[in-house]
Protein chains: 2
Amino acid sequence: MVGPFGGLTAAQALHAVLKHPQLLGEPVSLTVNFAAAVADGVFYAEAQPVRTNRSTQHWQVALKQVDAAGVESVVTTATAITATRRPTYRASDVALPAVPAPADVAPSPTEGRPTWLQRYDVRSVAGDMPTNWDGSESDTLTQLWVRDEPPRPLDYCSLTAFADVFYPRVWRRRATLTPAGTVSLTVYYHAGAQELASTGSGHLLGQARGQRFFDGYFDQSAQLWNEAGVLLATTHQIVYFKQ
Amino acid sequence: MVGPFGGLTAAQALHAVLKHPQLLGEPVSLTVNFAAAVADGVFYAEAQPVRTNRSTQHWQVALKQVDAAGVESVVTTATAITATRRPTYRASDVALPAVPAPADVAPSPTEGRPTWLQRYDVRSVAGDMPTNWDGSESDTLTQLWVRDEPPRPLDYCSLTAFADVFYPRVWRRRATLTPAGTVSLTVYYHAGAQELASTGSGHLLGQARGQRFFDGYFDQSAQLWNEAGVLLATTHQIVYFKQ
């Protein structure tokens, strides 16, 4: 893939907001634009509240790095909206798919896989990465259970990182390996402190689909439910692919 | 609704990018955060290319207004990614739904509706706004044909505005009128100059669904196809609702 695990970068952008002394409320949405591959080294996160209303707050974030020649550049930009929430009508229009429980699905082997993937327990339910790269076409659906490895309680940052756990949809669609990398990722949060706490260190069911592949970019839409069937986040991204 | 038509604001944010002398390529993604209602008056659009790579460019945009007391404030922030595209593999995983042609669907009356809606020719196919506000629950699907009124050829700005043409999903879900307003809108573009030109001034089929309604916010995911069945844009938003 082009660049490091985007989920980690997205989580770090959100973290810069959540640690800011002027923070109002909890995350409602986050959009992260991956402007350049984050190099393995020091980065600086700048979060700025550009407008604070009565119950909502709008953020701009930049992650910056200084290269060997001493030149600073922006490697990631992000915007976020946080809000103080209060209980309202609640409903879901998409139910947890009928899938076997995580205990009944074998963890995917992580040997030889990227290091970040070894920090996850992934249990593939449907649409696993092709094993025959024979160019045969298929739908783009992937369903998997995932949690942190070792297990740790869910928080907004780990939820954000889970949003980017899926391998590129174009690989599934075409059974063809082509360089690919997310250029923009959006997460909508549908969870408060209670939903995070009740999820704890349990698995999330992630479901992802692509919609359109066109001239170097494709989109992906995904959902993340906890084991109790609560839809905690919906997330979308647009992804570069080479050919 | 809370504030003016967000589609127009989003189109203006994109327009600031597209008119910038340093623009590279065509739109790939746009995220607009509605920080405050844009007042009926002068606004300033500032677009800044924060990183330009070989084939991609990352933008930050702010729309600002000065109030009666002379105080300037940010009313909208946006980020965009533009790119020079080249032909690659093309495919869709979501087909144009089986719906009657626009010529076979009556235009919705616009008398007494908001002015911006009178600038559209909307032909409802499924999931029109409830007529009985009786609190009965339903799914959140809406399908409609839409074009500019009077007709004009599609461009990236009008495509952007179409992304926000749907009435709030919570009204459909609950058959209950509650104040609602988009807080963040993302558009992924799957069209080049050729797709825009071949669409011309024809209708687009818009399809929208909500996924989760939770403590003041719900999400909406939508698609926009042209009459020939080409998926031109996919779009997502998160929307405030009062109760």
Side-chain angles (χ1 to χ4, degrees), chain A residues 28-29 31 33 35-36 50-51 53 55-56 58 60 62 73-75 77-79 81 83 85-94 137 139-140 169-170 173-174 176 178 183-184 186 188-192 195 209-217 219 221 223 231 234 236 238 240-243, chain B residues 28-29 31 33 35-36 50-51 53 55-56 58 60 62 73-75 77-79 81 83 85-94 137 139-140 169-170 173-174 176 178 183-184 186 188-192 195 209-217 219 221 223 231 234 236 238 240-243:
Chain A
V28 167
S29 76
T31 293
N33 293 348
V50 291
R51 181 155 190 138
N53 299 316
S55 69
T56 60
H58 288 255
Q60 283 184 332
S73 68
V74 174
V75 293
T77 68
T79 62
I81 299 170
R85 291 179 180 254
R86 53 186 189 75
T88 63
Y89 172 79
R90 293 179 179 180
S92 288
D93 243 32
V94 284
E137 297 207 349
D139 68 64
T140 60
R169 298 297 85 201
V170 69
R173 170 79 202 184
R174 301 177 66 194
T176 301
T178 179
V183 294
S184 184
T186 288
Y188 298 143
Y189 302 89
H190 312 294
E195 287 69 29
R209 279 197 186 89
Q211 298 189 92
R212 179 70 177 150
F213 302 80
F214 176 78
D215 289 6
Y217 296 87
D219 65 341
S221 287
Q223 297 89 18
L231 184 57
T234 47
H236 311 281
I238 189 141
Y240 162 80
F241 70 106
K242 190 162 182 184
Q243 59 194 25
Chain B
V28 167
S29 76
T31 293
N33 293 348
V50 291
R51 181 156 190 138
N53 299 315
S55 69
T56 62
H58 288 255
Q60 283 183 331
S73 68
V74 173
V75 293
T77 67
T79 61
I81 299 170
R85 292 178 179 257
R86 52 186 189 77
T88 64
Y89 172 80
R90 293 179 178 180
S92 288
D93 242 34
V94 285
E137 298 207 348
D139 68 63
T140 60
R169 298 298 84 203
V170 70
R173 169 78 201 184
R174 302 177 65 195
T176 301
T178 179
V183 294
S184 184
T186 288
Y188 298 143
Y189 302 89
H190 310 296
E195 288 68 29
R209 280 197 185 88
Q211 297 189 93
R212 178 72 176 149
F213 302 80
F214 176 79
D215 288 5
Y217 297 87
D219 65 342
S221 287
Q223 296 89 20
L231 184 57
T234 48
H236 311 281
I238 189 139
Y240 163 80
F241 70 104
K242 188 164 184 183
Q243 61 196 22

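The analysis underlying the following values was restricted to heavy atoms, covering all of them including side chains, and did not include hydrogens, waters or symmetry mates. Per chain, numbering begins at 1; letters A, B, ... match sequence-line order.
Note that the CG atom of A:Asp219 and the NE2 atom of B:His236 stand 6.0 Å from one another [nearest 0.5 Å]. Atom-to-atom distance recorded for B:Asn33:CG and A:Ser29:OG is 5.5 Å, nearest 0.5 angstrom.
Between the side chain of A:Asp93 and the backbone N or O of B:Thr140 there is at least one donor-acceptor pair closer than 3.5 Å. Remark: the backbone N or O of B:Ala35 is paired with a side-chain donor or acceptor of A:Asn53 at under 3.5 angstrom. A distance-only check finds no donor-acceptor pair linking the side chain of A:Thr88 to the backbone of B:Gln243 [under 3.5 Å]. Here the side chain of B:Tyr217 pairs no donor or acceptor atom with the backbone of A:Arg85 at under 3.5 angstrom. Panel note: side chain A:Arg90, backbone B:Phe214; no donor-acceptor pair is recorded below 3.5 Å.
Using a 4.5 Å cut-off between heavy atoms, A:Thr56 touches chain B through its side chain atoms alone. Heavy-atom distances place no part of A:Thr178 under 4.5 Å from chain B, backbone and side chain included. Residue A:Ala62: no heavy atom, backbone or side chain, is found under 4.5 Å from chain B. If you measure heavy-atom distances from B:Thr31 to chain A, the contacts under 4.5 Å come from the side chain alone. For a residue to count as touching a neighbouring chain, one of its non-hydrogen atoms must lie under 4.5 Å from one of that chain's; by this rule A:Leu231 touches chain B with backbone and side chain alike.
Judged as a side chain to side chain contact (heavy atoms under 4.5 Å, CB included), and not counting sequence neighbours, the contacts of B:Glu137 are A:Tyr89, B:Arg173.
The greatest number of non-hydrogen atom pairs below 4.5 Å with chain A, out of B:Gly192, B:Ala83, B:Ala91, is found for B:Ala91. With respect to chain B, the highest number of heavy-atom pairs below 4.5 Å among A:Arg209, A:Gln60, A:Glu195, A:Arg86 belongs to A:Arg86. Note on B:Val170, B:Val50, B:Thr176, B:Thr79: by heavy-atom pairs under 4.5 Å with chain A, the leading option is B:Thr79. Of the listed residues (A:Val75, A:Val183, A:Val74), the one with the most heavy-atom contacts under 4.5 Å to chain B is A:Val74.
The shortest side-chain heavy-atom distance between B:Ser92 and A:Gln211 does not fall under the 4.5 Å cut-off. Two residues are said to be in side-chain contact when any heavy atoms from C-beta on lie closer than 4.5 Å; B:Ile238 and A:His190 meet this criterion. Within the 4.5 Å cutoff, no side-chain heavy atoms of A:Thr77 are placed close to those of B:Arg51. Proximity of B:Tyr240 to A:Ile81: side-chain heavy atoms (C-beta onward) are nowhere separated by under 4.5 Å.
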